[in-house]
Structure formats: C-alpha cells, structure tokens
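Structure first, commentary second.
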2 protein chains.
Amino acid sequence: MLSKKCKYAIHALIYLAERYQQGPVHIQEIADRQHIPKKFLEAILLELRNAQVLHSKKGKGGGYYLYKKPEDVNLMEIIRLMDGAIAMLPCVSLNYYEPCEECKDEKTCGIRDSFVGVRDETLRILSESTLAKIVHREKILGES
Amino acid sequence: MLSKKCKYAIHALIYLAERYQQGPVHIQEIADRQHIPKKFLEAILLELRNAQVLHSKKGKGGGYYLYKKPEDVNLMEIIRLMDGAIAMLPCVSLNYYEPCEECKDEKTCGIRDSFVGVRDETLRILSESTLAKIVHREKILGES
DNA sequence: GTATTAGTATATAAATTCTATAGAATTATA
DNA sequence: TATAATTCTATAGAATTTATATACTAATAC
C-alpha cells in the first residue's frame with residue numbers, strides 16, 4: 001500500500017498540474033483544498049522541490065509551482081521519491097537493490113522470476129501514467 | 001515491499017512443499033534451515049494452518065505439513081494471508097476494499113485506472129506462481 | 001520595516017513490525 | 001503413568017516507520 005505521504009504528494013501534484021504555468025500556489029491553499037496537514041505537506045513539497053519536480057518562491061505572493069512539464073512527471077517517479085522501492089522484494093528492485101537476507105542463492109531462487117514480472121508490469125503502467133494524462137482523464141470523467 | 005513475515009511464510013511453505021506427503025516437519029527444523037526466529041515462525045505457521053493451507057500434528061513426532069496440494073497454493077494467497085491487500089490503494093483492492101479518504105469522488109478519480117491496471121497484472125502473475133511451479137523451477141535452476 | 005510566505009530543526013504521537021519470555025496442552029513411547 | 005517432545009496461547013516489549021505538531025529562521029514583496 002502507498003503511504004499517506006505518497007498519496008498526499010500525488011494529490012498535491014495533480015492540484016499543481018491543473019494550475020501549471022499560472023504562478024505559485026500557497027501551501028496553505030493546497031493543504032486546505034486537499035485536506036492535508038500543512039506541515040506534513042511542507043515536508044513533502046520540499047522533497048519534490050529538491051528533486052527538481054517543483055520550484056518554490058518565498059515571501060509575499062510566493063508558493064510552489066510545477067517545474068517539470070506535466071507530461072514529464074509520472075506516478076513511478078513520485079512513488080519512488082516518496083516511498084522508495086516499488087518492487088515487492090529488495091532483490092528485484094532496480095533503484096533500491098539489496099540482496100535478500102533469506103535467500104541463499106539468487107540464481108536458484110524460485111520466486112524471483114515472479115517478482116521480476118510483477119515489477120516490470122507495475123513500472124510499465126506507472127511510468128505511462130503522467131500528470132498530464134491524469135488531469136486530462138479527470139476532466140473527461142468530470143464532464144460525463 | 002513484502003514484510004519479513006511474508007517472506008518467511010513463503011520460504012517455509014516452499015520447504016514444506018519440497019517435503020509434500022512425507023510426514024510432519026518440526027518447526028525447529030524449518031527455523032534452523034530457513035533462518036527464521038522460531039517463535040515468529042510458530043505464529044506464521046499457525047495462521048497458515050487456520051487458513052487450511054497447513055495441518056499440524058502435536059506431540060512427539062509431530063510438526064507441520066502441507067495440507068493443500070502444492071499446485072493449489074500460490075503467492076497471491078500467501079501474500080494476502082500474511083500482509084493483507086496486494087493493491088497499492090485501498091479503493092482498488094478486491095479483498096480489502098476501503099474508500100480513499102483523500103478521494104472526493106471515485107468516479108472522477110484520475111489515478112484509479114492506473115492502479116486497477118497494476119493490481120490486475122500483479123494478481124495475474126502472483127496467482128500463476130504456485131508452490132509446485134516454484135519448487136520445480138528451483139530444481140531446474142539448481143541442476144544447471 | 002512589516003506582513004507574508006517558505007525553510008529548518010526538533011519533538012512527539014501513533015501505528016506497525018519483529019522478536020522474546022513463560023508456560024499450558026497434547027501426543028508418542030518407554 | 002512418567003517423561004520428553006512438540007505444538008499452542010498469551011503477553012510483553014523493542015525497534016522501526018509513519019504521521020503530525022511546535023517553534024523558530026530566512027527570504028521576499030510592497
């Protein structure tokens with residue numbers, strides 16, 4: 001399951017994607033509209049800024065705004081930043097690889113293949129899911 | 001990521017699948033061979049017994065043994081028993097459904113579709129991965 | 001220079017995961 | 001029937017992660 005942190009991040013980013021190139025948005029506004037504790041949201045947005053997904057502007061009229069294009073930010077990236085590995089086992093993770101303690105020998109491990117398959121399908125779908133597509137989808141669903 | 005509990009369960013079940021229909025196996029033996037804390041393993045095996053995956057025999061000469069056929073136990077089932085939902089969001093879980101707090105309206109939610117896709121692919125692969133196939137795969141990999 | 005806003009550091013609450021302790025109940029067998 | 005072997009039960013607590021709150025600092029616009 002995704003952590004709350006990750007879900008908050010996704011919703012905040014969608015909110016900002018809907019306002020792409022319309023200037024900075026206050027943390028407080030995002031917090032209010034998406035029902036996210038403000039201080040928790042600050043930490044989340046900060047991480048996203050450090051990852052160059054967002055930029056921020058301090059002082060009056062300041063706030064956060066999407067730096068990357070909405071079509072260049074996808075769920076795979078967001079989840080990795082917030083929750084870390086997407087794979088179900090450390091030994092099949094591309095970005096957070098670690099050998100399994102329980103596992104004597106990776107080459108003769110009978111379960112690895114299954115989890116490699118799950119990982120690949122998961123990454124394929126999540127990387128195709130960009131903020132642009134999500135915003136577009138919500139617009140269409142909202143109209144019908 | 002799978003919990004340790006779940007990984008322990010998978011390895012214990014593989015161990016028992018390799019000894020299917022060869023009589024009860026001691027907890028201690030499984031614990032030693034798979035490097036699992038004995039008391040933790042006890043709790044795990046108990047759950048699997050309550051779920052009718054294993055049966056047990058008490059007293060001298062007792063132990064645990066696989067009750068279901070190895071071809072009828074798959075990773076999907078084991079993970080659900082140990083860790084609960086497999087889906088990444090509660091609102092797309094088949095067995096552990098809950099509405100998302102963050103979500104105002106499921107019908108106009110732009111991310112649901114992606115996670116439904118991930119869930120379906122994951123379940124497909126995991127449900128195809130039976131203990132029988134895993135044991136068979138390890139045998140082949142071990143020989144080559 | 002004052003109000004507004006993000007940024008930083010730290011504390012703490014809450015929940016989950018993992019492991020350990022102690023002993024009761026059951027069974028085989030000598 | 002006594003003994004040893006084993007599962008079963010209950011509970012406690014350590015360790016880790018997740019989530020939230022408090023208080024203050026730094027930058028910016030006007």
Nucleotide of C:dT8, C:dA6, D:dT7 approaching A:E42 most closely (side-chain heavy atoms): C:dT8
Separation of C:dT16 P from B:L2 CG (nearest whole Å): 18 Å
Whole-Å distance separating the NZ atom of B:K7 from the P atom of C:dT17: 13 Å
Nearest-Å distance for atom pair CD1/P, residues B:I36 and C:dA20: 13 Å
Nearest to side-chain heavy atoms of B:K60, which nucleotide of C:dT19, C:dA28, D:dA29: C:dA28
C:dT17 OP1/OP2 closer than 4.0 Å to side-chain N/O of B:Y8: no
B:K39 (side chain) and D:dT9 (base): donor-acceptor pair under 3.5 Å: yes
Residue B:K4, side-chain heavy atoms: nucleotide from C:dC18, D:dA19, D:dT7 that is nearest: C:dC18
Pair A:T130-A:N74, side-chain donor/acceptor within less than 3.5 Å: no
Atom OH of A:Y67 with >12 non-hydrogen neighbours under 6.0 angstrom: no
Ring geometry between B:Y8 and B:F40 (parallel below 30°, tilted from 30 to 60°, perpendicular above 60°): perpendicular
More than 12 heavy atoms of other groups within 6.0 Å of B:Q22 CD: yes
Near-strand residues of residues 45-54 of chain B, defined as heavy-atom separation under 4.0 angstrom from DNA chain D: B:L46, B:R49
Pair B:K5 + B:E47: basic N to acidic O under 4.0 Å: yes
Sugar-phosphate only, base, or nothing, as touched by B:Q28 at under 4.0 Å among non-hydrogen atoms: nothing
Electrostatic pair B:E138-A:R112, nearest N-O below 4.0 angstrom: no
Stretch residues 77-96 of chain A: residues that reach within less than 4.0 Å of DNA chain D through a heavy atom: none
Closest-nucleotide ordering on DNA chain C, the 5'-leading residue of B:K57 and B:K5: B:K5
Proximal nucleotide (of C:dA6, C:dT27, D:dT20) relative to the A:S56 side chain: C:dA6
Charged N-O contact under 4.0 Å between B:E77 and B:K68: yes
Heavy-atom neighbours of A:R33 CZ exceed 12 at 6.0 Å: no
Any side-chain donor near an acceptor of the partner, B:Y15 and B:E29, under 3.5 Å: yes
Minimum-distance nucleotide (side-chain atoms of B:K38 versus D:dT6, C:dA6, D:dT7): D:dT7
Rounded interatomic separation in angstrom, taking CZ from B:F40 and P from D:dT11: 19 Å
